[in-house]
Structures are given as C-alpha cells and as structure tokens.
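Here the structure is a predicted model, which is why all the values come from computation and not from measurement. Reminder, nothing fancy here: chain letters follow the sequence lines and each chain counts from 1.
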Amino acid sequence: MAKYDFAKIEKKWQKKWEESNIYEITEDLKLTKKYILEMFPYPSGNIHMGHVRNYSIGDVVARYGRMKGFNVLHPIGYDAFGMPAENAAIKHGVHPRKWTYENIDIMRDQLKSLGLSYNWDREVITCDPDYYKWGQWLFLKFYKRGLVYRKQSKVNWCSSCETVLANEQVEGGGCWRCSTLVEQKELEQWYFKITDYTGPLLNDLEKLKGWPERVKVMQKNWIGRSEGAMVDFILKDGKTVTVFTTRPDTLFGCTFFLLAPEHLLVDELVKGTPYEEDIVKFREKVAKETEIDRTSAEIEKNGCFTGTYIINPVNGREVPVWIADYVLMEYGTGAVMAVPAHDERDFAFAKKYELPIELVIQPAGEDLSSGLDKAYTGEGLMINSGKFNGMPSKEGAKAIAKFLKEQNKGELAVNYRLRDWLISRQRYWGNPIPIIYCDKCGIVPVSEEDLPVILPDDVKITEKGGSPLAKHERFVNTVCPRCSGPARRETDTMDTFTCSSWYFLRYCSPNEGKLPFDGSAANYWMPVDQYIGGIEHAIMHLLYARFFTKVIKDMGMCEVEEPFSNLLTQGMVIKDGAKMSKSKGNVVDPNEIIKTYGADTARLFILFASPPEKELEWSDQGIQGSYRFLNRVWRIVVRNIESSKKGDDTGLDDTDRELLRFVHKTIKKVTGDVERFNLNTAISAIMELVNANYKYYDDKGEGKVNSDLLTEVNEKLLLLLAPFAPHIAEELWETMGKIGSVHLGKWPTFDEKLAKAEEIALIVQINGKVRDKITVSADVSEEEMKKTALSSEKLKQFTEGKEIVKVVVVPKKLVNVVVR
RNA sequence: GCCCGAGUGGCGGAACAGGCAGACGCAACGGACUUAAAAUCCGUUGUCCCUUGUGGACGUGUCGGUUCGACUCCGACCUCGGGCACCA
C-alpha cells in the first residue's frame, strides 16, 4: 500500500485545481448565489494561526455551499495600506510599496499552500491605484452629499504613529495599534459625517438576525442612545444655555450648573472679573492633563467657580455656574445641570466644594431625608418639586418635559454617544485625500476625471517630522481645478478603515473600470451571506462598512442596506493560555506545521480542537492526533478499494446493514453540524464513521466483506471529508477511479429510514435514576415501552413493597417509574 | 462601576427542544504484531465504597427552587474572560 504522502498530494492538486480553474464562477441569475467572505488580511509578510483558522472555517463553508449546488463567490484580497509598511521603510530602508507587494506574493503562496478555494482572479489589493481611485471617487461623492467636512477641534494624537486617531481607535486611553498614550491636539481635520446615519445604524441592528448578540450589543453601546430632555437655563444677562439631561425629573434638585472647561461661553463670563485668573489657570491645567489622568480608575473631580449664577427654568432659582473637568465638550451641549442628590459625579463634586445637596426623589420604603452618604440614582416618588410632588419619577420626567415645552424652555430629546469619524491621517502609505487648497477659491475637490490622485513613489520616509507627502514639492504644488491658479494639495491620507469599508462590493466586479463596482453584479452577489472574522472588528470595521453600504445605497448604486447578513466571529488561537506573540515566545508558525504534517492536517486540527466561536488552545499533541486520523482514513479507504475488488456482495447481513446505517447517520449528523458551524463535532462524526469502518472488518473477517457497500462507504466518506481536508479527499477520490473532482461532487443525502436504528436501548428509571437498559425494537409503542419497563427483573428490588405512583413515558427513549 | 459571555474527567471538548453526563480527540495504562523500538491494530480509563456484582453511592463553579426527571429552566452568590468606562 502506498503511504500517505501529503506533500506530493497537496502540491499535485493545488496545481491541478489552478490549471483547471475549478472554482470559476459567473453571475448566473438562474443559480442561487452564496457570498462567503472572510476578512481580508493585512499583508504583514506571513500568515499566522489566526489566519489559518479564519480561512479554514470560510473554506469549509464555501466548499460545502458549492457541493450543495450554490453559485459561490469566495474571494480574497489584501488590506494593503497602513503603518507597518512605513515602519518597515524606516527600519530597513525598503519602500513601502515594494515591501507590501513582496509580502502579498509571500502570503498569496502561503494561502495557496493551504488549498483554499478562492476565486483568485477576483483579488483586490487596496493600495493598487485601480482600487484606491474608487475610494477617492467615493470620498468626492460623500463630499457632494455633505457627508464629508473639515473641522478644527481637539483630536486624539498618537505621538508614536505621529498621526491623529478616530475615537474608535483609542483603546483604554492608548493607541489601538501601538498602545502609546493618546494626547489631545487642536487640529483641523477631515471627518465623515457618520452621525447622519446614527438612526439606521442603530435601528437596523435589529434586522441582523444572523449576527451574534454580543456584537450587536457592542455596536449599540458604542452608538449610545440616551433619552432625556433639553433644558434651557437663563443667565442673568438673558443669554440661554441649554443642557441635555436623562433625568428631567430631578430638575428641582439642581443646586449648581457646570460648563466644560473648553466651553466658549467661559471667556465671556469671567472676562475682567476677579475670577478670571483662577479660571484661566484651571483651564490650562485641564488642557495638559487630558487623557492621561482621565484613564485612571477613580479620578477626583475638579472644578472652579466662575462667579456667575444661572436661573433654573422650573423654579426660578439662581444656582452658581462652575467649570468642571468631568464635563466633556464633545458630549451633549458641553453644559450640565448638576443634581448632587441623584448623580454620583455631581455628589462627589458637591461634597468636595461644599455645595448644597437637595433630595428630590424619594425611593420606596427608604427614608433618605436625614442626609445622604451617596447619591441615590434610582427611581422613586418626586418630592420638593412643587406641583410635581408625589409623581413617580418616570412619569415625572415626561411631565416636566411637557411643562418645559409649554413654557418654551425645553423639550424631550435623544442624544447619542457616537461622534463623527475622523479620517485624516498624517501618514504616507494611505489613500490620498482628493482635495486641493486654493488661495482664491478655498477648498476645491479634485475633478473626477483627474482621479486617481496618485500616491508618489519618490518620497523620503523618516521617523519624525510629520507627513512625508507634505515635503514632496511636486505632489503638493498643483493648479486649482476651478481658477487654474497655483494651489496646494491636501497631504493627509485617509484612515485605512475607509479601504476596508467597501472592498466586499469591489469583489463583485473587480475589473470594473468606470465605477467602483458594477451595480447589477453587486445586486446579484450582495449581501455577503456569511462573513467570518475576528471579534476585534466588532465595532470599527463592521460599523464603518455598514455606514458605507448605507450611503452607497442612498446614492442608488446598490440595493442592499446591510452588507453582511450573517456574521461568525471566530475565537483567538492561543498557546499555553496566552495569545501567541513573539515576546512570549509561544508562536506556532503555520508554514512549519504545513511542512511537517501538511495543510489538510493543519486545517483539520484547527477545526476539530474547538468550536469556531471559542478560543482555541494550540496543542502539538493534538495536531499529531489529526495527522494520525488522516493516515487512518488513507489506509481504510485504500483497503476498502482493494476489498471491493474481491469481496462478495450477495445481499446485506446484519453487520453490513449496521455499517450502511452508520453512513446515513453520519451524513445526517455532519450536514446538520456544518449548517450550524459545529465543525468540531462534524469532524468527530466523520471519525466515528471511520472507526465503524475499521470495526466492520473486525466483525466481518477480511474475505467476507460486501464490495458494493464498501464502495458506497468510500464515496460518502470522501464527499463528507472534502470540505475539511480537500487534498486527501481528492487524491483518494481519484484512486477510487472516480471521474471529475470530488469538490464538484454533490453533497451526499441521507435516507431517514436507513439512518434510523432498528433497535434502541430503552432506559428504565426509578424516580429519575437509571436502573435498567432494555433493547427493544425502534418502532416500539408507548404501551409496549411501559409493559417492558414494568416487567424488568432489575426493577423489582426497587419497587418491592412500594407504591407505583406514576409512570412517565418519553416515546422511543425512556420510562420513568415514580414510586413512594 | 455598568453591560455581555463562560465555568463539565488529567487536558481540548460533546450532550441540537428538560430525558443514558463525559461522544470524538489528546494523554495514560494493558494486549497483539516485532529480535527490539517506532508505526499500526485491539482494549481499559470521572471519583469513591463494599460483600468484587449484570453491585451501590456521589458527580457538570457554590447554595437554594421548579419538575416524575435539571449540565440544560428560575433566584442568589463565587471565579474567570471580554467590552464600555467621568456620556450628564
């Protein structure tokens, strides 16, 4: 018997599949499509185990879909713009372009060595001018629709990456990429107006039935909808200052008023007063502290009195106006009504500065009138609130809002946490923002026919000193498209998340030359039926991609409003209980594994060791187990082929029927498991079938096997195995003498009658405890079950001298006898 | 602090709608084959107890509840992991 030579087999079939282009597809309206997509990789040079897991899962889904008769789109590409390319340039003096394309070549080879069934001819590389041109085109369309604007404000700045970051890219006060503490900088930057789509982005989450609840919750929290009211307070000079509050019911308990230190009104209020000096000092201090102090767990609240008072619209009371570091300019209106009795932060602030605390909500069954040691933030009955006294707080909130509305001093309002998406990056290796600054005409978008704005190659990339493009004279200096006078180009590039926000649309028609994608192709393929990737993209990428899709739909370019119908978030691959990392020295290199055991073993193990959503602990012994299994498959299939040449096949005896039953049972189990992504148990079911096949020889004796049966077992086994271990399945399929690829074969169907056992073990319980197991016919009636159970010898010792109270019968499963 | 998710043998994990807890794999142990080893094939393997049987008790983080019956449902708690974190 020839040995299982995985290296030879895998090379052979990868070549054949490529030559025959067996996964080629076209938009065929007669066929039902399936768009299977895994998040495309950043070309860092080598694939890691996370990629192997991601792409192995996707490949099973794609191959299964194809065998089920769907027209399957399963593309791959590279998210090729980004910082690591520039870092490599600084470190090794390689040009980012060269570094990136070389890495893509390496990674493409590695992905091919895994035997993944991609539509390779649809590859998308985001740093290709053919692709980024359309990113610029979309930027201009967004600009025309008023979804792009430039604004001066405080932004997150990473001093290590030397660029600004979007809010989503700040994690725990540090840069999402390098963890450097993020600073605040006052800069003029480009923004995408994602807040125009807050409503649909939030509400359409409900439509995403195929998304994990967890991801939807994370997006929901990120968007952060709060219901409450806008309330107008009036300064002594008659000027109105509006606040947002979620608790209008506590309005009577407002004992002071707070402004964000950056609030524009502050200057006006203190100018020329004795308070000016302290306020200025305080503001400077806050400006310096910013994120560093704000990230520590328990921060003391600091503030400073402005010397002015403001009038509460419900009771006309004058309360002092302070500025406080915990009031954020970016949320709400940058002003807050402080109710220390019912807000923890206000309470701490009031205690520190000895400001009055007034109870206005009385909780049920508790007397708080003797003083508070902490704020009461729950519901209750309103007190000290004039005509609203005695009202439940929830009702009171609405009543006060209604009252304010009548007085024209406020109204119900909804506020969101989501802020606009800052897309400017002071980096070279990204998509240039297609904007020109003209002294005469101001900000002028690049004309469509001048796209793409080509990213020049001849730049000097240095570690310090800002954007390299800004120093590139020929790039910067241009002419104004409007007045033809001298003008300067924008030198910032776009956040790379803009590139990954629409690549799934490009895959539908990757060679389209007149538009980002062909509308009819997109309408055929979209939405993505199954998207697979890491949980780390739960907010950023998935939110941005949803935003782009919605805008593109509103532009009339594609009909879908949500890009990904079903989402599978795979768990991390860990080793020794920790994420694989160079510094921990626990990295397992996929190339080594493929070299030692082959791609099929690598794929099989990674799918078998854990369900896709869960963490996967890498095990060197585990991979040997998978390797052992494939060898076992190899031997039994070859043995079956040989036996079927000389076996006897005159009818089926009990042992034959048992194996046939096992085949059908396994098809049923594997089909159901793959549909539900229980890939680990699907593989275990295939293992059981192989074990049953071995047992069959033991039971039967070598010479007496049924040849037709063994041919059928082989055929079904290889079809089931094909999505998981494509090379070995194909090789054995050929060895069997089959014409055509196993991967173009039909997914096997099962016969429910054949899958069913002829006999079942009837479980007999006394008071819920198993006392006997009796073999009975599978079509046993409930009456027979009861009779059989009660006649059990073993039961006697438990029922003797006791009264049978009740007999519970679960059809075709068990009988529970209740005794007393 | 708030919001999710998870706790099952020595280990990874299974039990799909409340009905045999521990499938499958790893590790370990035993047998066959071999001069021997590896590989392979066949077994055993949750814990404890005794009168060693076709025996019994216990057992899915802890405590309680619902039920004829609970890994599964309900309540409280503990531990771990993740997300958000001055959001008014």
Quote, to the nearest angstrom, the [atom1] distance that separates [N] from [M].
N	M	atom1	answer
B/G7	B/C77	C1'	14 Å
B/U52	B/G75	C1'	44 Å
B/C50	B/U60	C1'	27 Å
B/C26	B/U45	C1'	13 Å
B/C49	B/C68	P	35 Å
B/G61	B/G10	P	14 Å
B/C73	B/G18	P	7 Å
B/A17	B/A27	C1'	35 Å

- Item | Note: A/E658-A/R661 ion pair, threshold 4.0 Å (strictly below) | yes
Proximal nucleotide (of [options]) relative to the [X] side chain:
X	options	answer
A/Y694	B/G69, B/C4, B/C41	B/C41
A/S226	B/A88, B/A85, B/C20	B/A88
A/N816	B/A57, B/G19, B/A85	B/G19
A/V336	B/C16, B/A85, B/A88	B/A88
A/W222	B/C42, B/C3, B/A85	B/A85
A/K614	B/G13, B/C68, B/A88	B/G13

Check this one for me: any side-chain N or O of [X] less than 4.0 Å away from OP1 or OP2 of [N]?
X	N	answer
A/K769	B/C58	yes
A/R771	B/C20	no
A/K813	B/G19	no
A/R214	B/G81	no

- Query: Is any side-chain N or O of A/K773 under 3.5 Å from a base N or O of B/C20, one able to act as donor and the other as acceptor?
  - Reply: yes
Between atom [atom1] in [X] and atom [atom2] in [N], what is the gap in whole Å?
X	N	atom1	atom2	answer
A/I804	B/C68	CD1	P	17 Å
A/M218	B/A85	CE	P	11 Å
A/E330	B/A88	CD	P	14 Å
A/D698	B/U40	CG	P	16 Å
A/I636	B/U40	CD1	C1'	12 Å
A/F347	B/A88	CZ	C1'	17 Å
A/D576	B/C11	CG	C1'	13 Å
A/I574	B/C80	CD1	P	17 Å

Sorted by position of nearest nucleotide on RNA chain B, 5' first, the leading residue of A/A609 and A/Y416 is A/A609
When A/N767 and A/V217 are each assigned the nearest nucleotide of RNA chain B, the 5'-most assignment goes to A/V217
| message | Over all strands shown, is A/K669 touching base, sugar-phosphate only, or nothing at heavy-atom distances under 4.0 angstrom? | response | base
- Message: Heavy atoms only, 4.0 Å cut-off, all strands: where does A/D772 land among base, sugar-phosphate and nothing?
- Response: nothing
All heavy atoms of A/F257 vs all of A/M337, minimum pair found to be CD1-CA, 4.4 Å
Heavy-atom closest pair (A/K216 atom, A/W211 atom, distance to 0.1 Å) is CE-O, 3.6 Å
side-chain hydrogen bond (donor to acceptor under 3.5 Å, both in side chains), that's the test. Do A/T242 and A/D232 meet it? Break it down for me. CA-CA 4 Å; A/T242 306; A/D232 294 340; 2.8 Å; yes
[X] charged N/C atom sitting above [Y] aromatic ring, 6.0 Å / 45°:
X	Y	value
A/R632	A/Y694	yes
A/K700	A/Y696	no
A/K301	A/Y326	yes
A/R639	A/Y697	yes

A correct 5'-to-3' footprint of nucleotides 21-32 of chain B, with B, S and - meaning base, sugar-phosphate only and no protein heavy atom under 4.0 Å, is --BBSSS-----
Practice prompt. Report yes if some heavy atom in the side chain of A/N312 is under 4.5 Å from a heavy atom in the side chain of A/L251; otherwise report no.
Written response: yes
Considering every strand shown, what is the Watson-Crick or G-U wobble mate of [N] when both distances are under 3.5 Å?
N	value
B/G7	B/C78
B/A39	none
B/C48	B/G56
B/G19	B/C68

Taken to the nearest 0.5 Å, the spacing of A/T250 OG1 from A/I400 CD1 works out to 8.0 Å
With syn meaning chi within 90° of zero and anything else anti, the base of B/A32 is anti
The glycosidic conformation of B/G25, counting syn as within 90° of 0 and anti otherwise, is anti
